[in-house]
Protein chains: 2
Amino acid sequence: MAAMAAQPTETLRDLLEDNDLPGLQNWLAEHPPYEIADELGRADAVHAVLLFRLLDKDRALTVFEELDPPDQQKVLEGLREPAFRDVVERMAPDDRARLLGEAPAKFARHVLAGLSARERRYTAALLGYPEHSVGRYMTPETVALRHHMSAAEALDVVRRKGADAETVYTLPVIDDRRYFLGTVSLRDLVLSAPDRPVAEIANADVPQVHATDDVEEAARLMQDTNVLALTVTDSENRVLGLLTFDDAFEVIEAADTEDFARQSASTPWAGHYMSASVVELARARAVWLLLLIVAATLTVNVLQLFEDTLASVTALALFIPLLVGTGGNAGAQAATAAVRALAVGEVRTKDVLRVAWRECRVGLVLGSMLAVVALVIGTLLVNVTVAASVAVSLVAVCAWAATIGSTMPLLAKRVGIDPAVISAPLVTTLVDATGLIIYFLVARLVFGL
Amino acid sequence: MAAMAAQPTETLRDLLEDNDLPGLQNWLAEHPPYEIADELGRADAVHAVLLFRLLDKDRALTVFEELDPPDQQKVLEGLREPAFRDVVERMAPDDRARLLGEAPAKFARHVLAGLSARERRYTAALLGYPEHSVGRYMTPETVALRHHMSAAEALDVVRRKGADAETVYTLPVIDDRRYFLGTVSLRDLVLSAPDRPVAEIANADVPQVHATDDVEEAARLMQDTNVLALTVTDSENRVLGLLTFDDAFEVIEAADTEDFARQSASTPWAGHYMSASVVELARARAVWLLLLIVAATLTVNVLQLFEDTLASVTALALFIPLLVGTGGNAGAQAATAAVRALAVGEVRTKDVLRVAWRECRVGLVLGSMLAVVALVIGTLLVNVTVAASVAVSLVAVCAWAATIGSTMPLLAKRVGIDPAVISAPLVTTLVDATGLIIYFLVARLVFGL
């Protein structure tokens, strides 16, 4: 389990700063590829390339395959021509398509020019599919079986062609016109009697996807159905390739990282947190902060409307952050729950009315509970009249915030917007102004103004 | 791709309400197991059991395996004794251990009593490991190979014992004392020359974990290294079982769902969003909302300190929600980024000083940008003196919020607390009071009070 403990990066940083090549080679020999990949991700371009060039050829490819596309680009740009060609030629076609999809056009042309005809054809085919489609992530290198083969013949095909394929555990079965009939697992093939026909062993009740389908939905389907690989077909049901579990894993991790960023009103950025620059981090957050501060101007306008009330009872101002903050928190909880439930498929857009009604009641329950607390705190700190205004407002604000927070992501998805764009801070900012209106209207009633 | 489109639940609900058994059987026959599992998750206990009992025996088990543990319990509790025994007997030992780990003791005893001796022994062994440990999630039913076997002999072992194992794609290799030497993939076994010894085909450079290790870390290791299954050993390096990719998928989905809930200050709850009751949802959110509203009392105290300033310049109150909200948003962005980077392993607790320094600069950049906007808006809406106070405060508040928001999760992890507990709302609430102090101190200077 030593492999899993957090390794101090200091040793490596010292070695890099001292330019201690034998020490670095030792360090590389002692660490597993995925840890080396992590260090390459954290390092700047110069150090990453230095480390990469010190690796022996086979390990270098394993490390390279475990890098994210932006880090792969960082390393490739520092390699000399023969090494560059060798690495891009040996990449899997789907990994290459993903790298090129995110890279600048000049770099992409350079990569394509370095490839053999066969690999270029594969990559170009995958790049023909839209971004975020299954086609970009599938492997075209599969072993397909004919339905009339026997298990023994099929095993023979696996032995002959298996070395070139990305996986041989899921074997699509096709008929004479290359139409997809189902899949055979290598396990069933090995465990079957040798003369049993493939058509009999095949499982026809397996999920399949089209190359143009959304890759995140396909990955979630794999997660739901626990399959190792999903067959990818064209619109006429001919096999184009397989989407493998490791790609699905990556797609889901990236989608969740994106949703996390969105939930805090950041634009997701590509690449490793530790190698992103201050400017990149600031850029990922600036747009939303700007939008939200402009939206927050609404709260200034609302308070201006009630400036007389505020001037006559200054104590009302004391509770503005508490009231606005609590409404925001209640809205954030509901919004995040709805975004996540949509992402994992527990909630569908059709559920909007049911969700709204449940969340409204949840908000009422929570608001009533908080109202009691606010009444006690408010009476102790200020006076019972202000406390009563705060308490009554909290009930209304929580119910309103939970309803809005939970339904907005569903409505967004319905009109084709990524529901994660309805972030907690966005809901909070939108709920703030209405919360203040409620608070001051209630206060006016209570104080008889 | 019809399988992936959102199915209207209405048909099913109508069929259930009409108690239309032939219609329901038709519906069940036409839908894939994972969709049926989803509907069982959404349904109440009575309807879930009714649907489950209408499934034919083999499909029923597939559907059952795709349910989450709380939904499995919901279904089991409604089954009659023979069906109950049959289902629990046929579950995989790791799934059963997970079900029992979450269920009440009485239910767990009932399940264990229904098992055969062999299955009870397996399950009891897994239940002996702590919650959230690899031991709870591993499958003990593996095919291990002896190092001196030839590839042909090994394939024979797979044929003989493979039907009982959960997976045969990763085969641990052991020596005569049962010590773990490495793994052989079924692919390499099939592609090898029949007389090649297993010891030669085996890959010794594979990651492995102990049964007592944290299962989320093990799952992330699988994701990083793209392996199908991770060998689980005891402290003396003897093979206990395998952690398979589908369990890792589930662990990561659950961990991410938990982190999402925590990021909005909710306690994660077990089970399906649509089948959780209003009370369950409210309970999952109540504790944090209560804590946060008590913490928000600090803002009331801070404002009381500055009540004179507020009374003499009422216009200062107009910008309280905008200032406090923006600081909160900046803090939430930093906190969420840090929590996610820690979860996926891009940041380690040792990085705390580097992270603090970067985020402080990010906050300064963002704050300066927002200050310009606030100066313009503030001057237009109120006057330049108030606007200047707001602008200067924003720079300080954003830098402070980003620093605090990013470093608190790292410090939490260092002292052994789940970093996700440092949620965006918690950071927001803590930053609110300090933001107000900065604002009023700046305003006093600007207004010369």
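This structure is a prediction, so every number in the text was calculated from the model and none was measured. In the text below, chain A, chain B and the rest are named by the order of the sequence lines, each starting its count at 1.
Within the 4.5 angstrom heavy-atom criterion, no atom of B:Ala335 approaches chain A. Both the backbone and the side chain of B:Leu186 come within contact range of chain A, each with at least one heavy atom under 4.5 Å from a heavy atom of that chain. Only the side chain of A:Leu394 comes within less than 4.5 Å of a heavy atom of chain B; its backbone N, CA, C and O stay farther away. Interface remark: B:Val158 contributes backbone and side-chain atoms alike to the contact with chain A (heavy atom separation under 4.5 Å). For B:Gln333, the parts lying near chain A are the backbone and the side chain together; criterion is any non-hydrogen pair under 4.5 Å. Using a 4.5 Å cut-off between heavy atoms, B:Ala334 touches chain A through backbone and side chain atoms alike. Contact annotation for B:Ala424: neither backbone nor side-chain heavy atoms come within less than 4.5 Å of a heavy atom of chain A. In this structure, the portion of A:Leu366 lying under 4.5 Å from any heavy atom of chain B is its side chain and not its backbone.
Ionic pairing of A:Arg348 and B:Asp38 is present here: one or more N-O contacts between side-chain nitrogen and carboxylate oxygen are shorter than 4.0 angstrom. Under the 4.0 Å criterion applied to side-chain N and carboxylate O atoms, B:Glu359 and A:Arg285 are assigned as salt-bridge partners. Between A:Asp351 and B:Arg42, at least one side-chain nitrogen of the basic residue sits less than 4.0 Å from a carboxylate oxygen of the acidic one, meeting the salt-bridge criterion.
The two residues B:Asp205 and A:Pro33 have their closest heavy-atom pair at OD2-CD, 4.3 Å. When every heavy atom of B:Thr326 is checked against every heavy atom of A:Ile293, the shortest pair comes out as OG1-CG1, 3.6 Å.
When the candidates B:Thr167, B:Thr244, B:Leu281, B:Val324 are compared by the number of heavy-atom contacts under 4.5 Å with chain A, B:Leu281 comes out ahead. Between chain A and the options B:Thr297, B:Asp432, B:Ile320, B:Val365, the largest number of non-hydrogen pairs under 4.5 Å is found for B:Thr297.
Ring-plane geometry between B:Tyr169 and A:Tyr169 is classed as parallel, the angle between the planes falling under 30 degrees on a 0 to 90 degree scale with a further cut at 60. Using a 30° and 60° split on the angle between ring planes, A:Phe245 and B:Phe245 fall in the tilted class, from 30° to 60°.
Checked by atom type, the side-chain pair B:Glu253/A:Gln223 shows a donor-acceptor distance below 3.5 Å.
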